[in-house]
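Take a look at the structure below.
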Amino acid sequence: MSIRLRLTVWYSGILAVTLMLFSIAIYGFVYFNTYQDLQNRLIDQISKTQTTVVTLNDKQVDIFLSPKDHDRLTNAGFRVKIKNYVNGINNNINGSFLQAPASNKIPNELKQIQYNDRTYLVAYDGIPGQINNHIAVVGVIIVAADMTDARQLFDDLRVTLIVGSLATLFIAFTLGLFLARKSMAPIEKVIDAASQIQKGKDLSVRIDYDGPHDEIGQLISTVNGMLGRTEIFYKDLAEAYAAQRRFVSDASHELRTPLTTIRGNVDLLQKAWNKKPHEAPHLDEESLKQLSMESINDIADESKRMSRLVNDMLSLARADAGQTIVMESLPAGALLDDVMRRAQFIPHKATWQPANTVALDDYHIYGNKDYLQQMLFIFIENAFKYTKEGTVSLDTVLYQNQIGIRISDTGIGMDQEEVPHIFERFYRADESRGVTPGTGLGLSIAKWIIDEHAGSVEVVTAKGKGTTFVIWLPLAAVPVENKAEPVFDVEPETDIPDPSKPE
């Protein structure tokens with residue numbers, strides 16, 4: 001079976017099921033409403049009907065129907081019969097064919113009966129009277145409504161729905177097969193075009209198609225999407241290769257400077273300590289000592305700089321290798337106190353404003369102490385680095401079983417278009433590479449640590465107005481008693497974004 005025929009059979013089958021369900025719904029709706037309307041009319045008429053019971057003696061009772069009710073029922077087309085149980089007399093107004101039930105078997109529900117090829121819906125209502133000083137059922141009134149026309153309507157509707165559905169299905173199948181054959185005709189062109197693209201090297205080529213969004217359109221869209229993803233994949237590879245080259249260039253630049261400084265100072269020390277009086281007569285013992293200390297300090301500083309670069313590269317290598325971080329429950333207050341105490345020794349010109357962690361005494365963070373401290377030091381050191389004057393602050397907020405660590409500065413800030421890239425490896429906002437020292441790896445390492453701790457980070461920044469990082473980490477334990485939250489100079493809900501609502 002060809003794909004055209006299979007598709008036609010499939011959607012014809014779906015159409016058939018839909019038509020069947022639709023026809024059943026239409027028929028049921030009409031049947032229910034027509035029958036319900038007739039039933040309500042019949043119940044309403046019999047409830048309005050009043051009979052007069054006259055007791056002559058214990059064995060003779062007369063039952064009368066008022067002329068008004070008689071005219072109302074007969075003019076409305078109802079058939080009426082009254083059965084007198086006491087003297088056995090039938091008052092056949094216009095319903096002689098109606099059968100009266102026994103006095104103790106009067107039905108409470110409506111019934112359908114057949115008479116002379118016509119269908120009637122019948123209602124029964126007992127007539128109470130007084131016999132031997134007791135109230136008893138002395139008769140029954142029977143009212144019947146002719147529903148033959150309604151049943152004929154149901155039959156006609158059923159035939160119409162069946163014939164109409166079959167005709168619609170036949171037309172849909174025929175036209176569907178024709179359209180499927182016509183729609184699948186360009187498939188050979190699509191195959192040829194895809195083959196040409198496969199053999200070529202220009203991944204920007206796409207298959208042009210201006211037809212409807214049917215199976216062919218979806219196929220072409222899928223192929224174009226595949227080509228687009230392939231193109232993006234190759235572009236990502238090219239960007240990764242360029243990033244690696246840029247990283248090598250940055251690392252070489254960062255390593256060359258300290259190595260040159262170290263080598264220059266070593267050469268200077270060698271010459272100074274191996275000097276001859278006629279080569280450097282101006283250096284006395286005190287000057288030589290001072291020169292040696294300056295050179296040693298320069299060597300130590302550059303060695304630390306190289307060590308930081310190597311540690312950053314090692315951290316990224318561990319991240320790429322999928323290294324698992326060993327975690328434990330850590331007291332949040334003690335962790336932050338240790339970080340804030342050690343942060344004051346980081347070289348800085350801005351004013352350092354640490355947080356008050358009294359409210360965090362009973363809260364714990366599930367994580368790795370060394371990595372969390374490394375992550376916080378990265379943000380704090382960056383804040384110091386880009387804030388030549390002003391303040392750098394750290395405070396916290398507790399929200400929905402999370403702790404938010406906010407690190408704010410009043411430094412140079414960033415443009416909004418730079419924010420999506422700041423956590424990318426090797427990315428640095430200052431392209432000069434000489435304005436602010438660094439390799440562009442710190443925030444990448446911090447983001448990896450946050451992700452490993454199932455946390456998130458948010459950034460609020462503006463050029464020339466400073467930057468605020470909010471690191472959200474899940475709490476390992478929440479105290480039973482409500483603790484007072486830290487006090488901020490700005491309300492948290494207006495200053496810190498909701499972590500449950502990503503930007």
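Hydrogens, waters and symmetry mates are skipped; everything else that's a heavy atom, side chains included, is used.
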Holding to side-chain hydrogen bond (donor to acceptor under 3.5 Å, both in side chains), I want the full list of residues that pass it with [X], two or more places apart in sequence or in another chain.
| X | result |
| --- | --- |
| Thr461 | Thr467 |
| Ser47 | none |
| Ser12 | none |

Please report the interatomic distance [atom1]([X]) to [atom2]([Y]), rounded to the nearest 0.5 Å.
| X | Y | atom1 | atom2 | answer |
| --- | --- | --- | --- | --- |
| Tyr371 | Ile445 | OH | CD1 | 10.0 Å |
| His70 | Phe78 | NE2 | CZ | 14.0 Å |
| Ser456 | Gln402 | OG | CD | 6.0 Å |
| Thr49 | Leu73 | OG1 | CG | 4.0 Å |
| Lys83 | Ile141 | NZ | CD1 | 15.0 Å |
| Glu231 | Phe233 | CD | CZ | 13.0 Å |

Measuring only between side-chain heavy atoms, which start at C-beta, is [X] closer than 4.5 Å to [Y]?
| X | Y | result |
| --- | --- | --- |
| Tyr366 | His364 | no |
| Ile24 | Ile26 | no |
| Leu398 | Leu475 | yes |
| Met147 | Thr34 | no |
| Ile127 | Ile82 | yes |
| Leu169 | Leu15 | yes |
| Glu458 | Phe469 | no |
| Gln45 | Arg72 | yes |

Least distance between heavy atoms, [X] atom then [Y] atom:
| X | Y | value |
| --- | --- | --- |
| Pro474 | His453 | CD-O, 3.5 Å |
| Ala383 | Ile407 | CB-CG2, 4.4 Å |
| Ile403 | Ala332 | CD1-CB, 4.2 Å |
| Ile106 | Gly126 | CD1-CA, 3.9 Å |
| Ala476 | Ile365 | CB-C, 3.9 Å |
| Pro101 | Val140 | CD-CG1, 4.5 Å |

Would you tabulate the side-chain donor-acceptor contacts of residues 116-125 under 3.5 Å, counting partners in other chains and residues two or more places apart, or write 'none'?
residue, atom, partner, partner atom, Å
Arg118, NE, Asp146, OD2, 2.8
Arg118, NH2, Asp146, OD2, 2.9
Thr119, OG1, Gln114, OE1, 3.1
Thr119, OG1, Gln114, NE2, 2.8

Verdict with reasoning, Leu394 to Arg406, per side-chain contact (heavy atoms from CB on, under 4.5 Å): CA-CA 6 Å; Leu394 185 150; Arg406 180 172 62 179; over 6 Å; no
Any side-chain to backbone donor/acceptor pair from Asn368 onto Met327? Under 3.5 Å, distance only.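 No; judged by distance alone, with no hydrogens or angles, the pair does not exist.
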Using modelled atom types only, decide if a donor and an acceptor are shared between the side chain of Asp409 and the backbone of Gly411 within a distance under 3.5 Å.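 Yes; at least one donor-acceptor contact below 3.5 Å.
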Scan side-chain atoms only and decide if Ser66 and Asp69 contain a donor-acceptor pair under the 3.5 Å cut-off.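 Looking only at side-chain atoms, Asp69 and Ser66 do form a donor-acceptor pair, the distance falling under 3.5 Å.
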Judged by modelled atom types alone, do Gln374 and Asp370 share a side-chain donor-acceptor pair under 3.5 Å?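 Side-chain D/A pair, Gln374 to Asp370: absent.
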Show the numbers, then the answer: is there a side-chain contact (heavy atoms from CB on, under 4.5 Å) between Leu336 and Thr396? CA-CA 10 Å; Leu336 291 177; Thr396 60; 3.5 Å; yes
Using the six-membered ring wherever Trp is involved, compare the ring planes of Phe154 and Tyr31 and label them parallel, tilted or perpendicular (cut-offs 30° and 60°).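 Rings of Phe154 and Tyr31: tilted, as their planes differ by 30° to 60°.
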For the residue pair Phe423 and Phe379, categorise the inter-ring angle as parallel (less than 30°), tilted (30 to 60°) or perpendicular (more than 60°).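 Perpendicular.
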How would you list, by chain and number, every residue that makes a salt bridge (charged side-chain N to carboxylate O under 4.0 Å, His left out) with [X], sequence neighbours excluded?
| X | answer |
| --- | --- |
| Lys81 | none |
| Asp71 | none |
| Arg41 | none |
| Asp156 | none |

Before you tell me yes or no, could you show the steps for Asp451 and Lys447 under salt bridge (charged side-chain N to carboxylate O under 4.0 Å, His left out), namely the whole-Å CA-CA distance, both residues' side-chain angles and the distance that decides it to 0.1 Å? CA-CA 6 Å; Asp451 291 340; Lys447 184 62 168 62; 2.9 Å; yes
With the threshold set at 4.0 Å, does a side-chain nitrogen-carboxylate oxygen contact exist between Lys385 and Glu381?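 So Lys385 does not pair with Glu381 through a salt bridge.
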Lys48/Asp44 ion pair, N-O < 4.0 Å: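 Answer for the salt bridge query: yes.
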Within the supplied structure, the quantity of interest is the number of heavy atoms (other residues, nucleotides, ligands) at a distance under 6.0 Å from Phe22 CZ; does it exceed 12?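 No - once you tally the heavy atoms of other residues, nucleotides and ligands closer than 6.0 Å, there are 12 at most.
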Any residue meeting ring-ring contact (aromatic ring centres under 6.0 Å, His included) with Phe377, in chain and number order, not counting sequence neighbours: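 ring-ring contact (aromatic ring centres under 6.0 Å, His included) check on Phe377 returns nothing, list empty.
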Test ring-ring contact (aromatic ring centres under 6.0 Å, His included) applied to Phe170 - qualifying residues, sequence neighbours left out: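 ring-ring contact (aromatic ring centres under 6.0 Å, His included) list for Phe170, sorted by chain: empty.
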Could I get the full list of side chain to side chain contact (heavy atoms under 4.5 Å, CB included) partners for Thr168, not counting sequence neighbours?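 Partners of Thr168 under the side chain to side chain contact (heavy atoms under 4.5 Å, CB included) test: Leu19.
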Does anything in residues 91-115 form a salt bridge (charged side-chain N to carboxylate O under 4.0 Å, His left out)? List the pairs, not counting sequence neighbours.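 Found none.
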One pair to check against side-chain contact (heavy atoms from CB on, under 4.5 Å): Ile46 and Ile142. What are the steps and the verdict? CA-CA 8 Å; Ile46 199 170; Ile142 308 170; over 6 Å; no
Should Glu328 and Leu330 be marked as a side-chain contact (heavy atoms from CB on, under 4.5 Å) after you check the CA-CA gap, both sets of side-chain angles, and the distance that decides it? CA-CA 6 Å; Glu328 60 181 342; Leu330 304 171; 3.6 Å; yes
